[in-house]
Number of protein chains: 2
Amino acid sequence: MSDRSESSITSGEDGKGRIEQIAEAALRLFARYGYKRTSMDDIAREAGVARATLYLHFKGKDDVFRAMLAGLGGQVETRCREALARPGSFSERLAALMAAHHGTAFSAFSAGEHLGELKAVMVSIAGAELAAFEAIFISFARQLFEDAAAQGEIAIERSGLPLDTLIATMMRAAAGAKYGEQPSCEDYLLRLREIAAVFAAAVARDAPLRA
Amino acid sequence: MSDRSESSITSGEDGKGRIEQIAEAALRLFARYGYKRTSMDDIAREAGVARATLYLHFKGKDDVFRAMLAGLGGQVETRCREALARPGSFSERLAALMAAHHGTAFSAFSAGEHLGELKAVMVSIAGAELAAFEAIFISFARQLFEDAAAQGEIAIERSGLPLDTLIATMMRAAAGAKYGEQPSCEDYLLRLREIAAVFAAAVARDAPLRA
DNA sequence: ACGAGTTAGACGTTTTGCGTCTAACTAGAA
DNA sequence: TTCTAGTTAGACGCAAAACGTCTAACTCGT
């Protein structure tokens, strides 16, 4: 039960701290085998570390899982920032943001092989991290919509929904794209692009085609 | 402990007997997760069958594993036969035979992900099936060499080794191609082709390039 | 109604995994 | 050297999972 927040993620002894080293090993195993099939022994071996060391830094398996999720959250945030930094139309930027957010987790989890189980585990033992995960997307998406609206590129009110609802709807659509015929990673990214196109069209300034 | 050899592989109730159905489910799981991580529960669920049913047809997990191997052996035999039925030079036919034999198992086992563990399990609980596996290759390879020699296409004695030793050496070479930097399935098949080329050159009738 | 095959579920046993703990080892710092 | 922080192998007790067995009930085709 040593102090985890000491010598934490920010400290780099020889470039990578124990905690990240273990979290990354755990990510590889959870992605490949799922949560239940991965034992603490497996994680220790994958990380090249003694089993006892895991318990020096983490309270248990669920804690390792949370740390892994937090690490993944950091990655997602970075990718979202990069996606928005690049130029492009609103539609393109929205698609890039969705790919950065939803696609990162999807591809990290081995193209969704164990997504069902992992999602269930997240809900039960890592609700906070899961919420943070979604909060990242919401804040970036809101910023994107508001900037585009401020520059007159889009008109959010055209969608008939308040921004928060619009974003929440978009997230549900992205979540739905994972289910029903497990898609490959490329398929999933394509579906995300289609969703982005629809939502961009819904707020486009110029009138849409109408028969 | 019902009679397994009754209603065995050759019987096809509605096209596929329980035993094959279960063995195929087991193959999928062993390939994806390895032997240890796959439980009888998993196999039953994957096969869409009650757990008790497994024990109506098999003595235990090891028995399921053996049946799965036997099924795979049948597939390999078929593919070897097809490979030799096609026309081509000795070198090409040898390469095709090696791909059919070694490649089938390799690709079935998820590109060699769990090959180490599965091989260890084979040795410990399925020695007979493993031997049969290798015997298949030996008999086909011997036939290929002897036919080509009879038709004057190759001269086995040029290799300086008796045929049995030559084939055994070739099998060891193929086994070695799996290790050291886990290859992808295509890489592995390429390595096999290279090995076939070398062994074909070693028994080629015309004199090899010599500086 | 019969029987062969299957099923859910319970059972006792064995194995595995979890989380804790200890004594020993390794390095870098004082 | 000594001290300390971090690590390590291995043992421990407990809980959970998996194994293999068994039974009573169900579903068929005959």
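What's counted below: heavy atoms across the whole structure, side chains too, no hydrogens, waters or symmetry copies. First the proteins, then the strands, lettered A, B, ... as listed; each starts at 1. Not measured: the values here are computed from a predicted model.
When the C1' atom of D:dA16 is taken as reference, atom CZ of A:Arg37 falls 16 Å away, rounded to whole Å. Atom pair A:Leu54:CG and D:dA9:P shows a separation of 12 Å (rounding to whole Å applied). The interatomic distance linking A:Phe58 (CZ) with C:dT20 (C1') rounds to 18 Å, in whole Å. Atom-to-atom, OH of A:Tyr33 to P of C:dG17 comes out at 13 Å; the value is rounded to the nearest Å.
Classification of B:Asp42 and B:Arg37 as a salt-bridged pair fails, no side-chain N sitting under 4.0 Å from a carboxylate O. Classification of B:Lys36 and B:Glu117 as a salt-bridged pair fails, no side-chain N sitting under 4.0 Å from a carboxylate O. Taking 4.0 Å as the cut-off between side-chain N and carboxylate O, A:Glu82 and A:Arg86 do not count as a salt-bridged pair. Ionic pairing of B:Arg191 and B:Asp187 is not present here: no N-O contact between side-chain nitrogen and carboxylate oxygen is shorter than 4.0 angstrom.
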What's touching nucleotides 18-20 of chain D from the protein side, N or O pairs under 3.5 Å?
| from | atom 1 | to | atom 2 | distance (Å) |
| --- | --- | --- | --- | --- |
| D:dC19 | OP1 | B:Met40 | N | 3.2 |
| D:dC19 | OP2 | B:Met40 | N | 2.7 |
| D:dG20 | OP2 | B:Tyr55 | OH | 3.1 |
| D:dG20 | OP2 | B:Lys61 | N | 3.3 |
| D:dG20 | N7 | B:Arg51 | NH1 | 3.2 |
| D:dG20 | O6 | B:Arg51 | NH2 | 2.7 |

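The aromatic rings of B:Tyr33 and A:His114 sit tilted relative to each other, their planes meeting at an angle between 30° and 60°.
OP1 and OP2 of C:dT6 both lie 4.0 Å or more from every side-chain N or O belonging to B:Thr53. Proximity of B:His57 to the phosphate of C:dG5: no side-chain N or O atom is located under 4.0 Å from OP1 or OP2.
If you look at A:Phe109 and A:Phe30, their ring centroids are not closer than 6.0 Å.
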